[in-house]
Chemist: 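Sharing a structure, written as structure tokens. Questions coming.
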Amino acid sequence: MSRPFTVIVAGRDAPLWLAAAALARGLAPSGVQVEAVELPSALASVDAHATFPALEALHNQLRIDETMLLRATGGNLTLGRNFTDLAGAWPAFLHAYGSAGTQIGGRDFFAHWVKARAHGLGVPLDDFSLTAAAARQGRLMLPDAENAIYGRCDYGYHLPAIPYARLLRAAAIGHGATAHAAEQLTVERAGDAIVALDLGAGRRLAADLFVDAGGVLGGAHLSWRAHFPVDRVLTAAGPPFANIPVYAEDRAGPTGWTALHPGRPATFVVHAWSSAHATDEEALRAAGAAAGLPLAGVRIAAVEPGRPARPWTGNCVTLGAVFDPVHGLDLLGLQVGLVQLLADFPATAHFAAERDEYNRAAGAALDRLRDFQSAHYALARYAGPFWDAARAGTVSPDLAHAVALFRARAELAPFEEENLPPDSWRALFLGHGVEPESWPPAIDRVPPEEAKAQFRRMLGFVREQVLRQPTQEAYLAGLADG
Amino acid sequence: MQPRSNPSPAPLRVVIVGGGTAGWMCAAGLARLLPPTDYALTLIESDEIGTVGVGEATLPHIREFNAMLGLDEAEFMRATQGSFKLGIEFVGWDKPGGRYVHPFGSFGERWGGIDFQHHWLRARAAGQDVGDWFDHSFAVAMCREGVFDLPDEDLRSIRSTFSYAYHFDAGLYAEYLRRWATPRGVRRIEGKIVDIARNAESGLVESVALQSGAAIAGDLFIDCSGFRSLLLGQSMGVAWHDWSAWLPCDRAMAVPCAGAAGITPFTRSTAQAGGWTWRIPLQHRTGNGYVFSSSFCSEEQARETILGAIDGAPLADPRLLRFQAGRRARGWEGNVVAIGLSSGFLEPLESTSIFLIQAAVTDLANLMPLPGGGPPDPRLAAEFNRLFAIHYDRTRDFLVLHYTANARHGEPLWDHVRNMALPDSLAHKIALFRSSGRAPDYKLGLFSRDSWLAVLMGQGILPEAHDRLADRAPLDEVADRLAELRERIATNAAALPAHAEFIASYCSAARGTADDRAVTA
């Protein structure tokens with residue numbers, strides 16, 4: 001081989017370093033050269049990442065140990081996200097990151113629960129979920145051999161963004177990426193392809209493939225505006241809670257919503273709204289009132305949700321998408337693109353087929369994540385002009401079908417490029433009041449007494465397991481001692 | 001949440017129109033999956049109407065179906081004259097004189113989290129001795145040795161790396177399922193359908209009239225009437241998607257012959273000038289047939305070819321079947337669900353017809369209307385139809401792959417299919433494999449990555465490069481591991497019993513009869 005295949009990753013902060021670290025970890029041992037072009041950080045101390053459970057698998061590949069991660073970043077665990085209505089008209093619901101119930105007679109627990117509920121069972125689905133039950137009790141739910149036989153006990157993190165980016169930067173360099181700091185970039189193009197990046201001060205970097213980990217290399221944006229009402233986002237920090245809650249909370253108000261992400265250094269607050277219904281000043285007041293906390297370090301930015309129209313164009317791959325801020329999907333979207341890029345990484349300099357495959361798979365995966373968020377707005381019952389506009393938003397045919405089928409039969413339509421577990425979809429649909437009207441008739445072969453006995457056994461197991469679990473404080477204190 | 005409005009409505013009347021493999025798989029599957037108090041299952045069939053019964057070879061999925069019913073494997077095989085199937089041998093498909101096996105099993109092992117073919121391709125490109133691709137499959141080695149044994153339960157063993165299906169007499173299988181289903185609540189009515197009564201307003205089918213004058217009313221009708229598609233096609237008029245531009249074969253000439261010695265544990269498919277011939281070994285005979293295109297081969301030529309291809313005395317006159325590749329736009333319309341040949345047809349090249357029946361039965365059981373719920377819910381039909389299209393379309397692409405990549409130059413049919421425009425979805429899969437050795441790997445529908453690898457490699461499509469992630473492993477180590485794997489496969493395959501011997505000891509139809517007599521006595 002004459003010259004090594006070179007890939008340049010450009011961007012800033014966690015997305016840049018996550019991408020550079022994953023590419024270097026995967027490909028540097030195969031002789032691929034990974035260069036990271038680092039633009040000035042856009043982070044402030046009020047920024048934090050609320051992450052989905054899938055990130056843990058990527059950290060494992062990058063040899064990022066969880067204890068080290070939490071120590072280095074001052075981060076903590078989160079079991080999910082609780083959605084509440086500030087007007088109190090609609091009940092709160094928890095989107096927990098674990099699964100609910102165990103199979104009965106070889107069939108999913110969920111259908112049995114739907115049936116039991118139709119026959120008067122008053123026990124909510126959450127009581128059958130180790131993760132949700134623990135969250136309700138203010139405890140964590142850490143997976144172990146004992147609870148693994150029952151179900152999935154996943155969790156995400158709240159990671160202060162500045163130290164997290166620093167840690168990922170070290171990991172990327174440790175895995176063989178070369179860092180190049182730049183104040184700004186000029187992209188040199190020849191037709192569809194990027195030839196080189198000019199970093200200023202006479203520095204010019206050429207590569208075979210360019211990876212855009214932050215929308216810094218240009219390219220057509222496919223707007224998701226029709227699905228989402230939010231166009232302004234405020235970030236701020238409130239004082240930390242004395243006892244750090246084990247989940248985030250999203251509070252719906254008449255002109256937008258306010259999310260509280262409990263952290264160790266601070267409570268990280270995000271407020272999102274539409275400029276059609278509130279000015280920045282009004283939004284700031286609404287955020288303070290909704291959070292019930294004094295807010296410091298307030299920053300306001302515009303958000304234009306969408307994804308790259310063709311994620312891989314010419315020799316440039318744009319990872320991730322600009323998501324609506326409501327579920328904190330940014331890093332998951334980036335990770336999905338990154339995993340797909342490693343799967344379709346060019347085998348030679350002629351990579352049209354790999355590009356087509358990446359665009360097919362990554363495009364579908366991003367649209368599926370978008371649909372999850374879109375469902376949150378399309379189905380929400382909250383009052384106010386913001387939510388009226390949200391309900392009027394566009395719903396994709398796939399999402400409309402998924403909602404219709406769930407309502408008709410308590411089933412989730414399987415899709416090829418799916419990155420969220422069924423439990424997440426169920427929590428979202430049920431939480432917004434989509435009530436299944438029937439269930440697969442096969443479960444009617446199980447005698448009701450048998451199902452009831454199984455329910456009792458599950459509830460007992462969940463109660464017992466929750467009591468074994470630590471609070472967030474106890475867990476974090478244990479890390480500090482170790 | 002709405003509890004059902006009527007706490008104990010009358011059972012939903014499900015009428016299955018047509019027996020045969022589709023009708024009885026449907027009847028048995030629904031009888032097993034649905035609660036008997038809520039569904040009244042009726043099957044109408046006529047002894048006057050023959051069944052197609054070409055589906056004598058299956059895919060491993062059939063074992064899940066049989067297990068779901070709780071069938072005893074040995075007993076079922078005795079009753080259906082069954083033999084084991086480890087894959088399909090394709091003779092002359094890639095080029096005249098060529099042959100390869102599409103096995104029901106994996107190729108190699110995933111080393112370092114990387115798909116096996118990339119290690120093999122890399123070592124090959126580096127000039128190492130990597131042997132033949134097909135030497136890295138245990139199931140292929142079993143086919144070559146003509147041996148069979150059940151897969152080892154120890155997943156670390158090379159003897160666990162395969163699956164299997166059956167060859168059986170589809171007519172006997174339908175009978176076997178009939179004997180299973182009728183005592184379990186399926187009402188069988190003998191009769192020929194002469195009319196279909198639909199509601200003038202709703203368009204739903206209300207009843208079917210029999211020649212005897214009886215009318216059989218129902219809430220849901222399952223069309224298992226075969227090619228005629230009495231309800232979905234003829235009555236409901238659901239459009240047909242014609243796929244003959246990609247799959248030009250439209251006739252089959254079938255003939256059974258006396259079995260040869262040394263029953264093979266695989267189906268054989270041999271390319272011929274106007275199509276291909278199949279050979280399916282059962283315990284008591286061998287099933288044969290010639291699938292051909294009437295545009296490229298006359299019926300007389302076909303008869304000559306098939307009679308020349310068989311390796312035993314013919315047991316009947318060759319029988320002609322006519323068909324067209326394609327599927328209905330929807331499998332479920334109103335209160336009619338088509339299952340089997342009434343919903344679509346794909347030539348038996350990869351033994352997919354019984355799987356397509358099985359998938360439809362499973363999906364229908366899940367999406368079945370409830371008793372007392374009024375007309376079938378279009379939301380449920382929409383999901384059935386979405387899955388139906390995925391199953392058919394993905395299977396189609398896999399079949400077309402066999403034709404497009406051939407080096408049978410100078411034969412009009414083969415020149416035609418080599419040059420035809422492909423479905424975009426297939427062209428993309430082939431381009432990706434050629435460019436980087438990546439094989440399709442999807443969750444929904446047939447076929448698995450290993451199956452795609454078998455036919456892509458078998459048809460002589462050799463990737464130009466491999467996944468760079470494979471370059472991490474030291475090259476010498478890879479070559480050594482490949483050699484060790486081939487050795488392990490060959491040694492283990494040679495130690496297994498001959499297929500005929502295994503059948504004799506496990507499920508011999510001849511011996512089974514004697515045993516049954518002994519038990520009865």
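Below, read A as the first sequence line, B as the second, and so on, with proteins coming before strands; counting in each chain starts at 1.
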Chemist: Is it true that atom CG of A/Asp192 has more than 12 heavy atoms of other residues, nucleotides or ligands lying nearer than 6.0 Å?
Modeler: yes
Chemist: Where on B/Tyr39 is there a heavy atom nearer than 4.5 Å to chain A: the side chain, the backbone, both, or neither?
Modeler: side chain
Chemist: Are the side chains of A/Leu27 and B/Asp471 in contact, using a 4.5 Å heavy-atom criterion?
Modeler: no
Chemist: Against chain A, label B/His428 side chain, backbone, both or neither, depending on which of its atoms sit under 4.5 Å from a heavy atom there.
Modeler: side chain
Chemist: Mind ranking A/Ser438, A/Pro414, A/Gly120, A/Ala111 by heavy-atom pairs under 4.5 Å with chain B and telling me who comes out on top?
Modeler: A/Pro414
Chemist: Tell me, side chain or backbone of A/Glu411 under 4.5 Å from chain B's heavy atoms, or both, or neither?
Modeler: side chain
Chemist: So for A/Val32, is it side chain, backbone, both, or neither that comes closer than 4.5 Å to the heavy atoms of chain B?
Modeler: side chain
Chemist: Nearest 0.5 angstrom please: A/Asp444 CG to B/Thr37 OG1, how far?
Modeler: 7.5 Å
Chemist: Is the NZ or CZ atom of B/Arg379 both under 6.0 Å from the centre of the six-membered ring of A/Phe406 and within 45° of that ring's axis?
Modeler: no
Chemist: Has the side chain of B/Glu383 got a donor or acceptor atom that lies under 3.5 Å from a matching backbone atom of A/Ala413?
Modeler: no
Chemist: Less than 4.5 Å apart, side chain to side chain, heavy atoms only: is that true for A/Pro441 and B/Asp38?
Modeler: no
Chemist: Please name the pair of heavy atoms, one in A/Arg409 and one in B/Asn366, separated by the smallest distance, quoted to 0.1 Å.
Modeler: NH1-O, 3.0 Å
Chemist: Roughly how far apart are A/Arg360 CZ and B/Leu432 CG, rounded to 0.5 Å?
Modeler: 9.0 Å
Chemist: Please classify the contact of B/Asp377 with chain A as side chain, backbone, both or neither, using a heavy-atom distance under 4.5 Å.
Modeler: side chain
Chemist: Tell me which of these, A/Leu405, A/Val446, A/Ile443, A/Thr348, has more heavy-atom pairs under 4.5 Å with chain B than the rest.
Modeler: A/Leu405
Chemist: Between atom NE2 of A/His350 and atom OG of B/Ser436, what is the distance when rounded to the nearest 0.5 Å?
Modeler: 13.5 Å
Chemist: So, the side chain of A/Ser30 versus the backbone of B/Arg468: is there a donor-acceptor pair under 3.5 Å, distance only?
Modeler: yes
Chemist: Checking the side chain of A/Glu416 only, and the main-chain atoms of B/Leu444 only, is there a donor and an acceptor separated by less than 3.5 Å?
Modeler: yes
Chemist: Counting C-beta onward and ignoring hydrogens, is there a side-chain heavy-atom pair between A/Glu354 and B/Ser435 closer than 4.5 Å?
Modeler: yes
Chemist: Is there a donor-acceptor pair closer than 3.5 Å between any side-chain N or O of B/Arg472 and the backbone N or O of A/Ala28?
Modeler: no
Chemist: Please confirm whether the backbone N or O of A/Ala343 pairs with a side-chain atom of B/Arg438, one donor and one acceptor, at under 3.5 Å?
Modeler: yes
Chemist: Return yes when atom CZ of B/Arg434 has more than 12 non-hydrogen atoms of other residues, nucleotides or ligands closer than 6.0 Å, and no otherwise.
Modeler: no
Chemist: With a 4.5 angstrom heavy-atom cut-off, which part of B/Leu367 approaches chain A: side chain, backbone, both or neither?
Modeler: both
Chemist: Please look at B/Pro463 and chain A and tell me whether the side chain, the backbone, both or neither of the residue comes under 4.5 angstrom of a heavy atom of that chain.
Modeler: neither
Chemist: When you measure from the side chain of A/Arg445 to the backbone of B/Arg32, do you find a donor-acceptor pair of N or O atoms at a distance under 3.5 Å?
Modeler: yes
Chemist: Only pairs of heavy atoms separated by less than 4.5 Å count here; which of A/Ala402, A/Pro346, A/Gly106, A/Ala352 has the most with chain B?
Modeler: A/Pro346
Chemist: For each of B/Arg386, B/His118, B/His466, tally heavy-atom pairs with chain A at distances under 4.5 Å, and name the one with the top tally.
Modeler: B/Arg386
Chemist: Between A/Arg107 and chain B, which part of the residue has a heavy atom less than 4.5 Å away: side chain, backbone, both or neither?
Modeler: side chain
Chemist: What part of B/Ala365 gets within 4.5 angstrom of chain A, counting heavy atoms only: side chain, backbone, both, or neither?
Modeler: backbone
